[in-house]
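Reading through the C-alpha coordinates given below for one structure.
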Amino acid sequence: LQGGTLFFTTFTPDASICEFSGSGRLYGLYYLTGTGYALSALGTSSVANHQIANTFIQLDPGMPSQVALHIGSQAPGADNTGTSGAAGCTSRITASIATSTAAVSQPCVRPALNPWSRFLSWRDL
(Lines give C-alpha, C1' and ligand atoms only; values in the text may rest on other atoms or scores of the structure.)
Protein backbone atom coordinates (compact mmCIF):
# COMPACT_ATOMS: atom_id res chain seq x y z
CA LEU A 1 0.00 0.00 0.00
CA GLN A 2 1.61 3.24 -1.15
CA GLY A 3 -0.06 6.61 -1.54
CA GLY A 4 -3.58 5.21 -1.25
CA THR A 5 -3.02 2.53 -3.87
CA LEU A 6 -2.70 -1.18 -3.15
CA PHE A 7 -0.27 -2.89 -5.53
CA PHE A 8 -0.31 -6.68 -5.77
CA THR A 9 0.34 -9.47 -8.27
CA THR A 10 -1.75 -12.46 -9.35
CA PHE A 11 -0.92 -15.62 -11.29
CA THR A 12 -3.01 -17.68 -13.72
CA PRO A 13 -1.47 -21.03 -14.68
CA ASP A 14 -1.58 -22.31 -18.26
CA ALA A 15 -4.63 -24.38 -19.15
CA SER A 16 -2.46 -27.31 -20.29
CA ILE A 17 -1.34 -29.69 -17.54
CA CYS A 18 1.84 -30.31 -19.55
CA GLU A 19 2.96 -26.69 -19.24
CA PHE A 20 4.52 -25.31 -16.07
CA SER A 21 4.17 -21.66 -16.93
CA GLY A 22 1.39 -19.12 -16.79
CA SER A 23 0.80 -15.41 -16.79
CA GLY A 24 0.96 -12.76 -14.12
CA ARG A 25 -0.70 -9.41 -13.61
CA LEU A 26 0.13 -6.34 -11.55
CA TYR A 27 -2.92 -4.65 -10.04
CA GLY A 28 -3.09 -1.10 -8.70
CA LEU A 29 -6.38 -0.48 -6.87
CA TYR A 30 -7.61 2.42 -4.74
CA TYR A 31 -7.54 1.43 -1.06
CA LEU A 32 -10.97 2.83 -0.14
CA THR A 33 -13.00 1.21 -2.91
CA GLY A 34 -10.97 -1.76 -4.18
CA THR A 35 -11.45 -0.49 -7.71
CA GLY A 36 -9.39 1.62 -10.07
CA TYR A 37 -8.87 5.28 -9.25
CA ALA A 38 -9.97 8.07 -11.62
CA LEU A 39 -6.31 8.68 -12.51
CA SER A 40 -4.93 5.22 -13.10
CA ALA A 41 -1.86 4.06 -11.19
CA LEU A 42 -0.91 1.88 -14.17
CA GLY A 43 -1.59 4.10 -17.16
CA THR A 44 -4.41 4.06 -19.68
CA SER A 45 -5.48 1.97 -22.67
CA SER A 46 -7.36 3.04 -25.77
CA VAL A 47 -10.60 1.09 -26.30
CA ALA A 48 -12.91 2.13 -29.16
CA ASN A 49 -11.30 5.60 -29.29
CA HIS A 50 -11.78 6.12 -25.53
CA GLN A 51 -9.04 6.28 -22.90
CA ILE A 52 -9.73 3.75 -20.12
CA ALA A 53 -7.83 3.72 -16.81
CA ASN A 54 -6.01 0.41 -16.32
CA THR A 55 -6.70 -1.51 -13.12
CA PHE A 56 -3.99 -4.04 -14.06
CA ILE A 57 -1.16 -4.66 -16.52
CA GLN A 58 0.14 -7.96 -17.90
CA LEU A 59 3.58 -9.03 -16.69
CA ASP A 60 6.23 -11.23 -18.30
CA PRO A 61 5.38 -14.98 -18.45
CA GLY A 62 5.95 -16.95 -15.26
CA MET A 63 4.85 -16.69 -11.64
CA PRO A 64 5.41 -13.13 -10.38
CA SER A 65 6.98 -12.23 -7.05
CA GLN A 66 5.57 -9.71 -4.61
CA VAL A 67 5.79 -6.07 -5.63
CA ALA A 68 8.77 -4.03 -4.46
CA LEU A 69 8.26 -0.27 -4.83
CA HIS A 70 11.26 1.98 -5.36
CA ILE A 71 10.84 5.68 -4.67
CA GLY A 72 13.58 7.77 -6.18
CA SER A 73 14.31 11.03 -7.89
CA GLN A 74 13.01 11.93 -11.31
CA ALA A 75 15.75 11.89 -13.90
CA PRO A 76 15.99 14.73 -16.43
CA GLY A 77 13.91 14.02 -19.51
CA ALA A 78 11.69 11.45 -17.78
CA ASP A 79 8.61 10.78 -19.85
CA ASN A 80 6.72 8.13 -17.85
CA THR A 81 6.20 5.88 -20.87
CA GLY A 82 5.29 2.97 -18.61
CA THR A 83 8.68 1.31 -18.23
CA SER A 84 11.46 2.67 -16.07
CA GLY A 85 14.84 3.06 -17.66
CA ALA A 86 17.62 5.56 -18.01
CA ALA A 87 15.10 8.40 -18.08
CA GLY A 88 13.29 7.26 -14.92
CA CYS A 89 9.62 7.72 -14.09
CA THR A 90 7.94 11.11 -13.84
CA SER A 91 5.99 9.78 -10.83
CA ARG A 92 9.38 8.87 -9.27
CA ILE A 93 7.99 5.45 -8.27
CA THR A 94 8.99 2.19 -9.95
CA ALA A 95 7.47 -1.23 -9.21
CA SER A 96 9.88 -4.16 -9.49
CA ILE A 97 8.49 -7.66 -10.02
CA ALA A 98 10.58 -10.75 -10.74
CA THR A 99 9.08 -13.84 -12.36
CA SER A 100 9.87 -17.53 -12.15
CA THR A 101 11.42 -17.26 -15.64
CA ALA A 102 14.05 -14.81 -14.27
CA ALA A 103 12.50 -11.84 -16.08
CA VAL A 104 12.13 -8.58 -14.17
CA SER A 105 9.35 -6.11 -14.96
CA GLN A 106 9.80 -2.52 -13.81
CA PRO A 107 6.73 -0.47 -14.74
CA CYS A 108 6.30 3.14 -13.65
CA VAL A 109 3.38 3.53 -11.24
CA ARG A 110 1.49 6.57 -9.96
CA PRO A 111 -0.35 6.20 -6.62
CA ALA A 112 -3.71 7.92 -6.12
CA LEU A 113 -2.46 10.11 -3.27
CA ASN A 114 0.83 11.86 -2.62
CA PRO A 115 3.21 9.27 -1.10
CA TRP A 116 5.67 11.83 0.29
CA SER A 117 5.48 13.36 3.72
CA ARG A 118 5.71 17.12 3.79
CA PHE A 119 6.80 19.82 6.16
CA LEU A 120 3.55 21.47 7.27
CA SER A 121 4.60 23.98 9.91
CA TRP A 122 7.32 24.85 12.34
CA ARG A 123 6.89 26.06 15.87
CA ASP A 124 9.85 27.40 17.76
CA LEU A 125 9.51 26.64 21.47
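This structure is a prediction, so every number in the text was calculated from the model and none was measured. All residue numbers in this chain count up from 1 along the given sequence. These values consider heavy atoms only, across backbone and side chains, with no hydrogens, waters or symmetry-generated copies.
- The shortest distance between side-chain heavy atoms of Pro111 and Ile93 falls below 4.5 Å.
- By the side-chain contact (heavy atoms from CB on, under 4.5 Å) test, Leu6 is found to be paired with Leu1, Phe8, residues two or more places apart in sequence or in another chain being considered.
- Neither side chain, Thr94 nor Gln106, offers a donor N or O lying under 3.5 Å from an acceptor on the other.
- Alongside Ile52, the hydrophobic cluster contains Val47 (criterion: ILVMFWY side chains under 4.5 Å).
- In this structure, Thr9 has no side-chain hydrogen bond (donor to acceptor under 3.5 Å, both in side chains) partners at least two apart in sequence or on a different chain.
- Checked against side-chain hydrogen bond (donor to acceptor under 3.5 Å, both in side chains), Ser46 has no partners two or more places apart in sequence or in another chain.
- Applying the under-4.5 Å side-chain rule to Ile, Leu, Val, Met, Phe, Trp and Tyr, the cluster around Phe11 extends to Met63.
- Taking a 6.0 Å sphere around CD of Gln51, one finds it holds more than 12 heavy atoms contributed by other residues, nucleotides or ligands.
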Which donor-acceptor pairs under 3.5 Å do the side chains of residues 21-30 make with protein atoms, sequence neighbours left out?
unit_1, atom_1, unit_2, atom_2, d
Arg25, NE, Gln58, OE1, 2.9
Arg25, NH1, Tyr27, OH, 3.1

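- Side chain of Thr44 to backbone of Ala53: no donor-acceptor contact under 3.5 angstrom is found.
- Under the 3.5 Å distance criterion, with hydrogens and angles disregarded, no donor-acceptor pair is assigned to the side chains of Asp60 and Thr99.
- Residues forming a side-chain hydrogen bond (donor to acceptor under 3.5 Å, both in side chains) with Ser65 (at least two apart in sequence, or on another chain): none.
- Residue Thr5 comes nearest to Ala112 through the heavy atom pair OG1-N, 2.8 Å, listed as atom of the first residue, atom of the second, then distance.
- To the nearest 0.5 Å, the span separating CD1 on Ile97 from OG on Ser105 amounts to 6.0 Å.
- For the side-chain hydrogen bond (donor to acceptor under 3.5 Å, both in side chains) test, no residue two or more places apart in sequence or in another chain qualifies with Thr10.
- In this structure, CZ on Arg110 lies 10.5 Å from CZ on Arg92, to the nearest 0.5 angstrom.
- Between Gln2 and Val109 there is no side-chain heavy-atom pair separated by less than 4.5 Å.
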Please table the atom pairs, donor to acceptor, closer than 3.5 Å between any side-chain atom in residues 34-41 and protein atoms at least two apart or in another chain.
unit_1, atom_1, unit_2, atom_2, d
Thr35, OG1, Thr33, OG1, 2.8
Ser40, OG, Leu42, N, 3.0
Ser40, OG, Gly43, N, 3.4
Ser40, OG, Gly43, O, 2.8
Ser40, OG, Asn54, N, 3.3
Ser40, OG, Asn54, O, 2.6

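- Within the 4.5 Å cutoff, no side-chain heavy atoms of Leu69 are placed close to those of Pro115.
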